[in-house]
Amino acid sequence: MQDSTSQGPAVENNGGAKVKQVIGVASGKGGVGKSTVAVLLAEALAARGAKVGLLDADITGPSVPRLMGLSSFRGESDGSMLVPITSEDGIKVVSINFYVGDENTPVVWRGPLLSKAIEQFWTDVRWGELDYLIVDFPPGTGDVQITAFNKLPIDGVVVATTPQSLVSMIVAKSVKMAGMVDAPVLGVVENMGTMVCPSCGVEHKLFDSLDGSTIEKALGLPVLASLPWRKEVAQARELRWGKLPEDFRKLVEGLASETLLALSSVKKPAAGSKE
């Protein structure tokens, strides 16, 4: 059987971008808060003073503009390259929703077009100088995800999941896919495993099947953060750093710290080892 994960060499950086590190955020399925984790990680890194970009590679289900409070913005070009929309917190954002009529317009494209769009969001965007580019991958393990893993110079991947047995099994598939294309998996974010009661502030466990230690044992990966469901976060119009509850910000700061620590331990391939 032909190896479907082989997609050719990664696309080269363009003259309008100097990106130091690229961090992917992935999930085995939708609905686990992957895009929220991507936005929160970008916000936390920007709050530290880093220059951050956010590439919404979920072409058919783009939610980053709304999460960033940018859904009313339209894409721009300087005549030769696309120019990212910059959020109030200084994060440079690119999403397919900036280039369609409105955010409710569906993108009805086949796999090759979706894959090409992800490539172009790397090659044809004037990202400028960035310390970190966060890539919000589409969920699953299909052809579009494989293209994103292969074509973008990913330094590490964060996997988002909810602590359910079924979801954990699906996440394991994502982790194995990343390994097949040599994308280092940094760890797992356990999302919405608990709920903080908006009335009394008591934290309630939502699932009995798994917890952080079980996930770590099952997947052999560290749990970078455990983020509870919070009404203030789930119903927020935008996930601006200054508008997040202080105790929740501390959890996300921990996610950023653990992600960077894991990233620092990733062994870089020798120069010239990848064609």
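This chain uses plain numbering: 1 for the first residue, then up along the sequence.
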Atom of Glu190, atom of Ser226 and distance for their closest heavy-atom approach: OE1-OG, 2.7 Å
Shared hydrophobic cluster for Val25 and Leu261 (ILVMFWY, side-chain gaps under 4.5 Å): no
Donor-acceptor contact present, side-chain Asp136 to main-chain Ala57, <3.5 Å: no
Spatial distance of atom CE (Met68) from atom CD1 (Ile85) [nearest 0.5 Å]: 11.5 Å
Sub-4.5 Å side-chain heavy-atom contact between Leu239 and Val233: yes
Backbone N/O of Pro153 and side chain of Trp122: donor-acceptor pair under 3.5 Å: no
Shortest non-hydrogen contact from Met192 toward Thr162: CE-CG2, 3.9 Å
Note, Leu227 side chain near Val189 side chain (heavy atom, < 4.5 Å): yes
Between CD on residue Glu253 and CG on residue Leu40, distance to nearest 0.5 Å: 11.5 Å
Contact check, side chains of Phe121 and Leu152, non-hydrogen atoms, under 4.5 Å: no
Sidechain N-carboxylate O distance under 4.0 Å for Glu43, Arg240: no
Any side-chain heavy-atom pair of Ser71 and Asn97 under 4.5 Å: no
Donor-acceptor contact present, side-chain Lys34 to main-chain Ala26, <3.5 Å: no
Main-chain N/O of Ile91 paired to Asp89 side chain as donor or acceptor, under 3.5 Å: no
Heavy-atom side-chain contact between Gln120 and Val94 under 4.5 Å: no
Close side-chain approach of Val125 to Pro84, heavy-atom, < 4.5 Å: yes
Nearest non-hydrogen partners of Gly75 and Tyr99, listed with the distance: CA-CE2, 3.4 Å
4.5 Å side-chain heavy-atom contact, Asn191 and Trp229: no
Straight-line distance of Ser72 OG to Phe98 CZ, nearest 0.5 Å: 9.0 Å
Heavy-atom closest pair, residues Ile134 and Ala38: CG2-O, 3.9 Å
Point-to-point distance, once rounded to the nearest 0.5 Å, from CZ of Arg230 to CG of Leu244: 9.5 Å
Spacing of CG belonging to Leu263 relative to CD belonging to Gln21, to within rounding of 0.5 Å: 4.0 Å
Worked check of side-chain contact (heavy atoms from CB on, under 4.5 Å) between Leu70 and Val93: CA-CA 9 Å; Leu70 301 174; Val93 183; 3.9 Å; yes
Test side-chain contact (heavy atoms from CB on, under 4.5 Å) applied to Leu186 and Val266, step by step: CA-CA 8 Å; Leu186 304 176; Val266 172; 3.6 Å; yes
Criterion side-chain contact (heavy atoms from CB on, under 4.5 Å) on Val37 and Val39, from CA distance to verdict: CA-CA 5 Å; Val37 169; Val39 169; over 6 Å; no
Residues Lys51 and Asp131 bridged, charged N to O under 4.0 Å: no
Backbone of Gly90 reached by a side-chain donor or acceptor of Thr86 within 3.5 Å: no
Nearest non-hydrogen partners of Gly187 and Leu221, listed with the distance: CA-CB, 4.4 Å
Reported OG1-to-CG distance for the pair Thr259 and Leu45, which is rounded to 0.5 angstrom: 7.5 Å
Stepwise side-chain contact (heavy atoms from CB on, under 4.5 Å) test for Leu54 and Leu133: CA-CA 6 Å; Leu54 181 52; Leu133 177 65; 5.8 Å; no
Exam field: side chain Arg126 to backbone Val83, donor-acceptor pair closer than 3.5 Å: no
Heavy-atom closest pair, residues Arg249 and Gly242: NH1-O, 3.9 Å
Side-chain touch Asp155/Ile23, heavy atoms, less than 4.5 angstrom: no
More than 12 heavy atoms from other groups under 6.0 Å of CD on Glu88: no
Residues Arg66 and Ser35: side-chain donor-acceptor under 3.5 angstrom: no
